[in-house]
Protein chains: 2
Amino acid sequence: MPGEQQEGGRFGVASSPTVEEAADLLKRLIDGSSMVVAAGFCSSQYEGRGASVSTEGDKLLIVKPGGAVILHGPRGFRPLNWQPNTSHTEVSVEKGTLTMKFYRRTPREVLTITCSRVWYIAWVRFPEEGAFWMYMTEDDLRRAVASNPRELLGEDIRFFAEEKRTPTGKADLYGVDGEGNIVIVEIKRVKADESAVRQLEGYVRDYPTQARVRGILVAPDISDTARSLLESLGLEFRRVDLKKAYSLMKSGRGSRRSVLDFL
Amino acid sequence: MPGEQQEGGRFGVASSPTVEEAADLLKRLIDGSSMVVAAGFCSSQYEGRGASVSTEGDKLLIVKPGGAVILHGPRGFRPLNWQPNTSHTEVSVEKGTLTMKFYRRTPREVLTITCSRVWYIAWVRFPEEGAFWMYMTEDDLRRAVASNPRELLGEDIRFFAEEKRTPTGKADLYGVDGEGNIVIVEIKRVKADESAVRQLEGYVRDYPTQARVRGILVAPDISDTARSLLESLGLEFRRVDLKKAYSLMKSGRGSRRSVLDFL
DNA sequence: CTCTGAATTTCGTGC
DNA sequence: GCACGAAGTTCAGAG
């Protein structure tokens, strides 16, 4: 006998359902209104942009109201298979095996999950979504640098564009230094690597002027290989202290109210 | 009364536990041997490389045997918060509130989850891991191109290095064309964009020779902006058909046994 | 350890 | 829709 099924309630659980019971439940639950979890002994197959197969094992299936499908194995942080959203779902039982097919339109792909046993199915109906804020993003750091060039870059630069798409680039900051040189700044909130240098070099190269253009990479750190590439390209690096940047941002006038105030 | 708790079995479920019961269960279950799921009305807070807060709402917590922690909200594919692995876990109850803290050593970060209600807790003990294969990766495509330059690139190129780190680059393929020119090939299994062009340009520029070096970008497609950047840099683009590449790879001698054979 | 680049990357933003 | 770049990216492989 499967466990209690308070289907009328806000949430529910079915323990040890038969595959037929599981299929019935899933058909009713996967309607965009519930956060559903199913655990069982399953295999999977994906085909679309890539392709993969997994053999039978304990799996955890999550289906969210928005249509996201996530299949986890016992190890690792990332799912074995997933579908960020689905346009169509099929649930069926044949010869004692539960099969679920999740289709996505663009890109065209399909995830098939086959279960010989289902350990449990659990769900929450009409889940309530809390608010979410993140901070210490690259955007935050960019604003701090733009407003405090002297403190964070060690010189006065007048910035005239942020994140603006110029003819062939979209660098973080465009400005003019004390001697009238164009300065392009690329910002990373993590240690800068070669690709960050290449990114900056592209922006500097593509800037439409004959005059000299300075390129400054701003990050809390830089890898050795990135530094030598940077120097060979005549670009500059400025180390930035994240904590200092955020305290400047927080204290600075004109800074929008921050989630930092909550903590 | 909480639901059945077959704690001796391979899996189990507790429906509507009190926060005290939930804490007891979680303390016992989060020992690296179980795949645990808990749903409840919770808030979260993260601090480490970045920082975030979420307010109370329905959340789904997953703790895997390897120590991965994943917290999902009702929407979206990606978790609200996570910890790829944890070095230490604390579970406590205070004033009717369940608090879980997940610590990670490197990088130093902590995820705190606070629940006023727990809808259910479900678990699978000693979950069995199936095998997993993926194919149609960039590696597959690279091998196909390396073995079939005439069919896929339209010319004979003798490749002498794959994925080799040369003085300042690590391009996909290094070879020599019919006229003795060095050829550097960068491969993308998805549509190539500007960053792919910059990547290739870096490899070509850094190749230690005075002689002319050809750079060829191989991908199923290329964006317009990437194409014009590529042409302005004197680089080449070769469209490649993924299906053709994989059929060549599969039929070619010397190809390791593929998961394609399963389907 | 660090560094590099892939990923079914996903996700947001701007056009 | 396409294009570009951030992400608490994670992850694997090489050094």
Side-chain angles (χ1 to χ4, degrees), chain A residues 45-52 68-71 76-85 104 106-111 134-142 163-165 168-172 186-196 198-199 202-203 221-227 229 242, chain B residues 45-52 68 70-71 75-85 104 106-111 134-142 163-165 168-172 186-199 202-203 221-227 229:
Chain A
Q45 190 199 308
Y46 160 78
E47 205 164 336
R49 289 165 293 173
S52 73
V69 177
I70 305 162
L71 185 71
F77 157 73
R78 295 210 309 196
L80 286 175
N81 292 109
W82 67 91
Q83 211 80 285
N85 53 66
R104 193 184 183 193
T106 49
R108 194 171 182 80
E109 44 194 1
V110 56
L111 170 59
M134 186 153 65
Y135 53 101
M136 285 170 70
T137 63
E138 193 185 275
D139 256 30
D140 293 332
L141 182 54
R142 175 167 53 77
E163 274 285 321
K164 263 233 179 83
R165 178 142 197 105
T168 44
K170 198 176 83 172
D172 290 324
E186 176 61 27
I187 288 171
K188 294 288 164 203
R189 53 176 290 294
V190 294
K191 191 182 218 184
D193 61 7
E194 283 185 28
S195 72
R198 282 199 293 262
Q199 214 178 321
Y203 301 145
D221 199 1
I222 185 168
S223 73
D224 291 344
T225 47
R227 170 148 240 154
L229 176 58
L242 287 184
Chain B
Q45 191 200 307
Y46 160 79
E47 205 163 335
R49 288 166 294 174
S52 72
I70 305 162
L71 185 72
R75 303 257 160 206
F77 157 72
R78 295 208 308 196
L80 285 176
N81 291 109
W82 66 91
Q83 212 74 290
N85 52 67
R104 193 184 183 193
T106 49
R108 194 172 181 79
E109 45 193 0
V110 56
L111 169 60
M134 186 154 66
Y135 53 100
M136 286 170 69
T137 64
E138 194 186 275
D139 256 30
D140 293 332
L141 182 53
R142 175 168 53 75
E163 275 284 321
K164 263 235 180 81
R165 177 141 197 109
T168 45
K170 198 177 86 172
D172 290 324
E186 175 61 28
I187 288 171
K188 295 289 164 200
R189 54 176 291 294
V190 294
K191 192 182 217 184
D193 61 7
E194 282 185 29
S195 73
V197 177
R198 283 199 292 262
Q199 214 178 321
Y203 301 145
D221 199 2
I222 186 169
S223 74
D224 291 345
T225 47
R227 170 148 241 156
L229 176 58

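Both backbone and side-chain heavy atoms feed into the values below; hydrogens, waters and symmetry mates do not. Quick note on labels: first sequence line is chain A, next is B, and so on, each numbered from 1.
With hydrogens and angles disregarded, a donor-acceptor distance shorter than 3.5 Å links the side chain of Arg189(B) to the backbone of Arg49(A). Of the possible polar contacts, none joining the Asn85(B) side chain to the Ala68(B) backbone as a donor-acceptor pair under 3.5 Å is found.
Atom CG in Asp140(B) sits roughly 15 Å away from atom C1' in dA12(D) (whole-Å rounding). When the P atom of dG8(D) is taken as reference, atom CG of Leu141(A) falls 14 Å away, rounded to whole Å. Rounded to whole angstrom, the span from the CG atom of Asp221(A) across to the P atom of dT2(C) amounts to 10 Å. Rounded to a whole Å, the CG atom of Leu242(A) is 14 Å from the P atom of dG8(D). Computed from coordinates, the Leu229(B) CG to dG5(D) P distance equals 10 Å when rounded to whole Å. One atom, CG of Asp193(A), and another, P of dT2(C), lie 14 Å apart when rounded to the nearest Å.
OP1 or OP2 of dG5(C) lies within a sub-4.0 Å distance of a side-chain N or O belonging to Arg198(A). Residue Lys191(B) has a polar side-chain atom (N or O) positioned under 4.0 Å from OP1 or OP2 of dA3(D).
At a threshold of 4.0 Å, the pair Arg142(B)-Glu138(B) does not count as salt-bridged, since none of the basic side-chain nitrogens sits closer than that to a carboxylate oxygen. The existence of a salt bridge linking Arg227(B) and Asp224(B) is excluded, since no basic side-chain nitrogen approaches an acidic carboxylate oxygen closer than 4.0 Å.
None of Lys188(B), Glu194(B), Lys170(B) except one satisfies the side-chain hydrogen bond (donor to acceptor under 3.5 Å, both in side chains) rule with Gln199(B); the exception is Lys188(B).
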Quick tally for nucleotides 6-13 of chain C: nucleotides whose base has a protein heavy atom under 4.0 Å get B, sugar-phosphate-only ones S, the rest -, giving SBBSBS--
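Arg198(B) forms a cation-pi arrangement with Tyr203(A), by the criterion of a distance under 6.0 Å to the ring centre and an angle within 45° of the ring axis.
Looking at heavy-atom distances under 4.0 Å, Thr106(A) makes contact with sugar-phosphate atoms alone, never a base.
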